[in-house]
K.L.:
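Sharing a structure here in structure tokens format.
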Amino acid sequence: MANRNSRTQHTLAIYARALREARPYWPLLALVLLVGLIGIPLALLAPLPLKLMVDNVLGAEPLPAWLDWLPAAWHSSPDAMFFVVVGIALAVGLGAVAHQIGDWLLREYVGERMTLDFRAKLLGRGLRASLLKQEAGGAHDTAYRINMDAPGIQWTALYGPLPVVVSLATLAGFLYVTFLIAPALAVIALATSVPLLILIHLSQTRIRDRWRDVKEHETAAQSIVQETMSALRVVTLFNRDRHERSRYMRRAGQGVRARLGVIRHESLYGLAMGVTTAVGTVAVLYLGVRYVEGGSMSLGDLVLIMGYIAQLYAPIRTLGSHVTAQQRALASAERAFAVLDEPAGVPESPGAPARGRAQGRVTFEEVSFAYEADAPVLTGVSLDVAPGRFVGVVGRSGAGKTTLINLLLRLMDPHHGRILLDGVDLRDWRLDDLRRQFAVVAQDCTLLAASIADNIAYARRGATRAEVEEAARQAGADAFIRALPQGYDTQVGERGARLSGGERQRIALARAFLKDAPLLILDEPTSAIDGTTEQAIVESIRRLARGRTVFTIAHRLSTLAEADTLLRVGGGRVVEERAAGEQTPHAPVRMAG
Ligand SMILES: Nc1ncnc2c1ncn2[C@@H]1O[C@H](COP(=O)(O)OP(=O)(O)OP(=O)(O)O)[C@@H](O)[C@H]1O
Ligand SMILES: [Mg+2]
């Protein structure tokens with residue numbers, strides 16, 4: 001029981017959350033509700049023309065009092081009556097259709113707008129989530145949620161409580177009118193509503209958990225596809241396509257089985273509800289016919305009530321299928337909200353003042369960091385780099401060089417200690433301002449699936465073609481780009497796959513040139529480049545380094561010829577192999593060991 005209560009609370013919490021998220025849409029949601037309620041009198045009027053036809057046109061009963069205003073001559077003419085009733089039928093029918101279309105258009109409009117806004121919000125949050133976590137595989141899941149689960153907001157906020165209110169009000173209207181004509185029939189209709197509602201309630205709890213299972217399996221299968229397709233080269237070269245296929249089939253198969261299980265469940269409930277409805281209808285018909293035979297009710301009234309009974313079960317059935325559909329919607333909404341609740345990778349400091357271009361002093365104070373709790377990568381690192389220094393970072397593979405740089409870029413925060421730029425803790429910089437201070441050539445040089453020119457211009461919004469070409473020239477990329485058949489308009493393919501590793505590096509370098517930031521970060525900028533090209537690039541880096549603070553990670557010492565400080569990373573520590581100022585800048589570096 002406690003379990004059920006907490007489940008109900010949980011469900012209510014999701015609805016409340018959905019409504020809060022939909023706050024800007026509250027006026028429109030109120031309008032949707034209003035339009036829904038207008039449908040009730042229309043539904044009540046629907047079987048009326050048939051009743052009038054049976055009682056007043058075919059039968060001899062006098063017209064109801066509300067038609068007294070018609071000319072007296074019409075009252076006695078069956079032909080005139082016939083046309084009056086046809087007129088009423090047309091008016092009611094047209095009204096119902098107009099209402100239906102208006103209702104539909106309005107709901108679609110509100111729903112789609114709401115989902116679009118919500119998707120944008122999810123995407124924004126996904127982009128701010130922890131980079132480490134996203135890169136470690138969370139990205140596929142987030143993408144799936146943004147695509148597939150975002151509509152959960154409209155399924156819950158719009159198609160959640162509102163149709164329930166409208167259906168219950170419709171139900172009450174039908175029962176009330178039936179009660180006015182024949183109380184016993186209203187009681188029968190009400191009595192069959194109860195088992196129906198119990199069935200709905202039973203199905204409710206069961207089916208949501210099953211839908212959640214379905215989602216888990218389907219996401220897992222989806223990730224296998226994405227992962228395999230993005231590591232296609234490895235899969236092919238290691239001959240693992242069959243393995244990947246069977247891995248996919250296993251997960252996808254589980255998804256299909258789970259989905260079929262849910263559908264079996266839903267159809268069983270559907271069957272039970274159908275049988276209950278049929279029994280209720282037959283009971284009302286039986287009693288109604290007896291009443292008509294006994295003269296206590298007109299035939300037209302029976303027709304009217306049967307019309308209501310047929311419609312009476314419609315809102316109940318809507319409630320039923322609605323509830324099961326809602327289980328799916330709730331599962332989706334919950335998964336989408338989880339994206340919103342994901343803490344930001346690095347939190348923005350709300351009160352930070354805006355800052356302009358940095359001088360470029362970098363200070364680490366007792367900085368410690370670990371990806372996994374028991375495996376520290378950096379412990380108690382302190383260093384101070386004056387503006388304009390050229391810092392070389394060396395160390396074994398896996399020593400923590402990229403980690404050091406990632407901390408400086410504030411892709412993550414240190415667990416202890418602090419990092420300062422121009423004497424200000426990185427956490428007291430606005431993220432936008434901070435990101436503007438760094439031009440980065442990363443170890444993996446990710447390019448976007450766009451043209452070369454677009455990739456370079458990515459560094460600065462509104463850069464002209466001349467500026468892009470100038471940056472490429474300085475990075476030593478201009479010549480090879482011009483040699484391509486489409487030059488700067490060459491499409492580089494996904495992640496830049498149509499270019500060689502060295503070409504990608506030079507484009508990334510051009511991008512850094514164009515950014516013109518006070519700090520320059522190069523993570524192995526020449527790892528994929530031959531000796532001759534390297535010389536040219538070292539030359540361009542030297543040009544680029546002027547007036548900036550530079551951190552260059554390199555395994556090849558030739559790349560570090562410019563360095564006036566050398567930091568060696570190893571064993572969690574960073575030691576300065578050559579203090580700044582000890583030797584004249586730009587002197588060749590000699591390294592021990
Ligand atoms: N996202 C991550 N999650 C967990 N551990 C990580 C992550 N990134 C790096 N590591 C671990 O932290 C350590 C330092 O990695 P880092 O990338 O800083 O090394 P590196 O010095 O740049 O090496 P390389 O010269 O090969 O680029 C390694 O042992 C690595 O396995
Ligand atoms: Mg590295």
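Both counts, for ligands and for their atoms, begin at 1 and track the order of listing.
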K.L.:
Would you say Ser397 reaches the Mg ion (ligand 2) with an N/O/S atom under 2.8 Å?
P.N.:
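Given the 2.8 Å cut-off, Ser397 does not count as a ligand of the Mg ion (ligand 2).
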K.L.:
Under 6.0 Å from the six-membered ring centre of Trp429 and within 45° of its axis: does the NZ or CZ of Arg355 meet both?
P.N.:
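Output yes; distance and angle both within limits.
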K.L.:
From Asp523 CG over to Leu409 CG, what is the distance, rounded to the nearest 0.5 angstrom?
P.N.:
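Those atoms lie 9.5 Å apart.
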K.L.:
Could you pull out all residues at least two apart from Phe369 that satisfy ring pair (Phe, Tyr, Trp, His ring centres under 6.0 Å)?
P.N.:
Tyr371, His415
K.L.:
Using a 4.0 Å heavy-atom cut-off, which part of Thr403 comes near ligand 1: side chain, backbone, both, or neither?
P.N.:
both
K.L.:
Identify the protein heavy atom lying closest to atom 27 (O) of ligand 1, giving its residue, its atom name and the separation to 0.1 Å.
P.N.:
Gln443 NE2, 2.6 Å
K.L.:
May I ask you to identify the nearest protein heavy atom to atom 25 (O) of ligand 1, giving residue, atom name and distance to one decimal place in Å?
P.N.:
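Sorting protein heavy atoms by distance from atom 25 (O) of ligand 1 puts Lys401 NZ, 2.7 Å first.
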K.L.:
Between Glu21 and Arg17, does any NZ, NE, NH1 or NH2 come within less than 4.0 Å of an OD or OE carboxylate oxygen?
P.N.:
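Looking at Arg17 and Glu21, the cut-off is met.
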K.L.:
By number and element, which atoms of ligand 1 are closer than 4.0 Å to a non-hydrogen atom of Ala399?
P.N.:
19 (O), 21 (O)
K.L.:
What protein heavy atom lies closest to atom 17 (O) of ligand 1? Include the residue and the distance to one decimal.
P.N.:
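Scanning the protein heavy atoms, the shortest distance from atom 17 (O) of ligand 1 goes to Thr402 CB, 3.6 Å.
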K.L.:
What residue and atom, counting heavy atoms only, is the protein's closest point to atom 8 (N) of ligand 1, and at what distance?
P.N.:
Tyr371 CZ, 3.3 Å
K.L.:
Minimum distance, heavy atoms only, to atom 13 (C) of ligand 1: which one of Gly398, Ala554, Gly395 is it?
P.N.:
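Among Gly398, Ala554, Gly395, the closest heavy atom to atom 13 (C) of ligand 1 comes from Gly398.
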K.L.:
Would you check whether Glu372 has a nitrogen or oxygen atom less than 3.5 angstrom from a nitrogen or oxygen atom of ligand 1?
P.N.:
no
K.L.:
Between Lys215 and Asp149, does at least one N-O distance fall below 4.0 Å, as a salt bridge requires?
P.N.:
yes
K.L.:
Quick one: do Arg436 and Asp433 make a salt bridge, cutoff under 4.0 Å?
P.N.:
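So Arg436 pairs with Asp433 through a salt bridge.
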K.L.:
Can you find a pair of side-chain heavy atoms, one from Leu434 and one from Leu421, that are under 4.5 Å apart?
P.N.:
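Leu434 reaches Leu421 side chain to side chain.
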K.L.:
Checking the side chain of Arg430 only, and the main-chain atoms of Ala352 only, is there a donor and an acceptor separated by less than 3.5 Å?
P.N.:
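A pair under 3.5 Å: yes.
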K.L.:
Within the structure, does at least one protein heavy atom fall under 4.0 Å of atom 31 (O) of ligand 1?
P.N.:
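Given the 4.0 Å limit, the answer for atom 31 (O) of ligand 1 is no, no protein heavy atom qualifies.
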K.L.:
So if I count the atoms of ligand 1 from 1 in the order they appear, which ones are less than 4.0 Å from some heavy atom of Ser397?
P.N.:
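Atoms satisfying the 4.0 Å criterion: 23 (O), 24 (P), 25 (O), 26 (O).
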